[in-house]
A.B. asks: 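Quick one: the structure is below, and I'll ask about it shortly.
All values below come from the heavy atoms of this structure, side chains included, with hydrogens, waters and symmetry mates left out. Computed from a predicted structure; not experimentally measured.
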Amino acid sequence: MKMRSAKGKISGLTLLEALVVIAVVAILAALALPSGGGPHSSYLSMCMSNQRQIELGLSLFKEDHSGEYPWQDSATNGGSLESVSGYQVSPHFRVLSEYQGKQTRIFICPTDKSRQEATDRAQLQNTNISYFINLNALTNSTSILTGDRHLEADGKAVNPGLFVYTTNATLNWTRELHGKVQSGPIGVLSFADGHVQIVKGKDLSSVFKNQPVATNHII
């Protein structure tokens, strides 16, 4: 199958044009955040912009691979299916970076002080990534696609690796990322239908319970 370059068009826009639109949306999102947030508000809008760009890259990959995400397509076709059993997120983002102009900075939330940008895509590891992916995301749906990694389940921080969400779990965010928000812990999620949103910790369980599938494998 012929691979489309990152300069290919999506919905009538070049990737560069789409990224410009994303940047404008991020600025508008920052203006819409509560006043007095200071630098933290801009960091939150940057995190939203990162996940929007990641979602866009996944959409480009999907268009080139018969509607499949990297973790659903074999490495022989440019995907990362064979890496799923290792329950590490980095192989999938390594594939995705080809659709991001080989950028690695967008894989780190600016408030995630325990993560550092990879020097290049070949060196990309879990420690260079602030976001999880949902292996059960359904294309063109309201499925959660990616999210901030600081998940909490039943009062305990979710460890790196595989987390299997079922509807009996109570979810929240830890305060590791975006921890200065007075209203409580918050985080950012992107969805397979293309939208990105800030989700308060108290609403996180409801968002997951409304997923198209009851069990979601998060890495």
Side-chain angles (χ1 to χ4, degrees), residues 10-11 18 21-22 25 29 44 47-74 77-97 99-100 106-107 109 126 129-154 158 160-173 177 185-219:
I10 178 171
S11 302
V21 172
I22 292 168
V25 171
L44 187 58
C47 192
M48 293 181 70
S49 176
N50 284 352
Q51 292 199 54
R52 182 64 185 89
Q53 292 181 65
I54 290 170
E55 187 280 328
L56 178 61
L58 289 170
S59 293
L60 287 168
F61 183 95
K62 179 165 58 74
E63 286 194 357
D64 283 344
H65 294 80
S66 303
E68 295 183 323
Y69 291 123
W71 51 91
Q72 297 170 332
D73 204 2
S74 172
N77 295 324
S80 54
L81 175 63
E82 291 80 0
S83 297
V84 168
S85 60
Y87 303 132
Q88 301 295 309
V89 75
S90 54
H92 313 295
F93 277 87
R94 203 173 296 129
V95 168
L96 175 62
S97 69
Y99 283 77
Q100 305 289 353
I106 64 168
F107 299 146
C109 175
N126 287 8
I129 300 168
S130 297
Y131 307 113
F132 69 75
I133 58 173
N134 178 14
L135 297 176
N136 297 108
L138 303 177
T139 58
N140 302 318
S141 73
T142 57
S143 290
I144 294 170
L145 186 57
T146 69
D148 288 335
R149 66 173 183 81
H150 63 305
L151 285 172
E152 177 182 287
D154 298 326
V158 173
L162 177 66
F163 167 62
V164 181
Y165 167 78
T166 57
T167 54
N168 62 345
T170 300
L171 297 183
N172 203 339
W173 303 106
L177 279 66
I186 60 174
V188 179
L189 298 174
S190 79
F191 296 79
D193 62 2
H195 80 282
V196 178
Q197 70 181 71
I198 299 170
V199 179
K200 295 181 179 179
K202 65 183 182 64
D203 300 324
L204 190 57
S205 288
S206 296
V207 173
F208 268 83
K209 286 180 180 178
N210 288 330
Q211 288 299 285
V213 294
T215 302
N216 290 267
H217 292 72
I218 305 295
I219 59 172

A.B. asks: Thr146: which residues meet the side chain to side chain donor-acceptor pair (under 3.5 Å) condition with it, sequence neighbours left out?
C.D. replies: Gln51, Ser190
A.B. asks: Mind listing the closest non-hydrogen atom pair of Leu145 and Ala192 along with its distance?
C.D. replies: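 Nearest heavy atoms, Leu145 then Ala192: CB-N, 4.0 Å.
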A.B. asks: Quick one: list whatever passes side chain to side chain contact (heavy atoms under 4.5 Å, CB included) with Ser85, sequence neighbours left out.
C.D. replies: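 Side chain to side chain contact (heavy atoms under 4.5 Å, CB included) list for Ser85, sorted by chain: empty.
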A.B. asks: For Lys200, which residues count as a side chain to side chain contact (heavy atoms under 4.5 Å, CB included) partner, sequence neighbours excluded?
C.D. replies: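 Residues passing side chain to side chain contact (heavy atoms under 4.5 Å, CB included) with Lys200: Ile186, Lys202, Asp203.
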A.B. asks: Using side-chain heavy atoms (C-beta onward) and a distance below 4.5 Å, is Pro70 in contact with Leu58?
C.D. replies: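 A side-chain contact under 4.5 Å exists here.
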A.B. asks: Filter on ring pair (Phe, Tyr, Trp, His ring centres under 6.0 Å), then keep only pairs touching residues 193-213, sequence neighbours left out; what's left?
C.D. replies: Tyr165-Phe208, Phe191-His195
A.B. asks: How many angstroms lie between CG in Leu96 and OG in Ser80, if you round to the nearest 0.5 Å?
C.D. replies: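 The distance works out to 9.0 Å.
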A.B. asks: Got a second to check how far His92's NE2 is from Ile219's CD1, nearest 0.5 Å?
C.D. replies: 3.5 Å
A.B. asks: Please identify each residue that fulfils salt bridge (Lys or Arg N to Asp or Glu O under 4.0 Å) with Glu152, with sequence neighbours left out.
C.D. replies: none
A.B. asks: Closest approach of Ser205 and Ala169, non-hydrogen atoms and distance?
C.D. replies: OG-O, 4.1 Å
A.B. asks: How long is the span from the CD1 atom in Ile54 to the CD1 atom in Ile133, to the nearest 0.5 Å?
C.D. replies: 10.0 Å
A.B. asks: Say whether, by atom type as modelled, one donor and one acceptor occur between the side chain of Trp173 and the main chain of Val199 under 3.5 angstrom.
C.D. replies: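 Yes; at least one donor-acceptor contact below 3.5 Å.
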A.B. asks: Can you measure from CG (Leu60) to NE2 (His65) and round to the nearest 0.5 angstrom?
C.D. replies: 11.0 Å
A.B. asks: Taking all atoms of both residues into account, what is the closest heavy-atom pair of Leu171 and Ala153, and its distance?
C.D. replies: CD2-CB, 3.8 Å
A.B. asks: Residues in side chain to side chain donor-acceptor pair (under 3.5 Å) with Ser83, at least two apart?
C.D. replies: none
A.B. asks: With a 4.5 Å cut-off on side-chain heavy atoms, are Cys47 and Tyr131 touching?
C.D. replies: yes
A.B. asks: Which residues pass the side chain to side chain contact (heavy atoms under 4.5 Å, CB included) test with Ser74, sequence neighbours left out?
C.D. replies: Thr76, Asn77, Glu82
A.B. asks: Would you please name every residue forming a side chain to side chain contact (heavy atoms under 4.5 Å, CB included) with Pro160, sequence neighbours left out?
C.D. replies: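 Partners of Pro160 under the side chain to side chain contact (heavy atoms under 4.5 Å, CB included) test: none.
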A.B. asks: List in chain and number order the residues that pass side chain to side chain donor-acceptor pair (under 3.5 Å) with Tyr69, two or more places apart in sequence or in another chain; answer none if no residue qualifies.
C.D. replies: none
A.B. asks: I'd like to check the side chain to side chain donor-acceptor pair (under 3.5 Å) partners of Asn134; sequence neighbours left out, ordered by chain and number.
C.D. replies: Asn216
A.B. asks: Please give me the minimum heavy-atom distance between Gln100 and Gln53, naming the atom from each residue.
C.D. replies: NE2-O, 2.9 Å
A.B. asks: Output all residues satisfying ring pair (Phe, Tyr, Trp, His ring centres under 6.0 Å) with Phe107, sequence neighbours left out; order by chain, then residue number.
C.D. replies: Phe93
A.B. asks: Hey, could you give me the CG/CD distance between Asn136 and Gln72, rounded to the nearest 0.5 Å?
C.D. replies: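 Going from CG on Asn136 over to CD on Gln72, the span is 9.0 Å.
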A.B. asks: Which pair of non-hydrogen atoms, one from Val188 and one from Ile198, has the smallest distance, and what is that distance?
C.D. replies: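 That would be CG2-CG1, 4.4 Å.
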A.B. asks: Hey, does Ile129 have a side-chain heavy atom less than 4.5 Å from the side chain of Arg149?
C.D. replies: no
A.B. asks: If you take all heavy atoms of Val95 and Gly79, which pair is closest and at what distance?
C.D. replies: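 It is CG2-O, 3.8 Å.
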A.B. asks: Show, in sequence, the C-alpha distance, side-chain angles and deciding distance for Ile106 and Asn50, and conclude whether the side-chain contact (heavy atoms from CB on, under 4.5 Å) test is met.
C.D. replies: CA-CA 5 Å; Ile106 64 168; Asn50 284 352; 3.9 Å; yes
A.B. asks: Do Asp154 and Thr170 have side chains that get closer than 4.5 Å, going by heavy atoms?
C.D. replies: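 SC-SC contact between Asp154 and Thr170 confirmed.
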A.B. asks: Enter the distance from Thr167:OG1 to Gln211:CD here, rounded to the nearest 0.5 Å.
C.D. replies: 12.0 Å
A.B. asks: Does a side-chain heavy-atom distance below 4.5 Å link Asn210 with Thr142?
C.D. replies: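 They are not in side-chain contact.
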A.B. asks: Less than 3.5 Å apart, any donor N or O on the side chain of Ser59 or Glu63 sitting next to an acceptor on the other?
C.D. replies: no
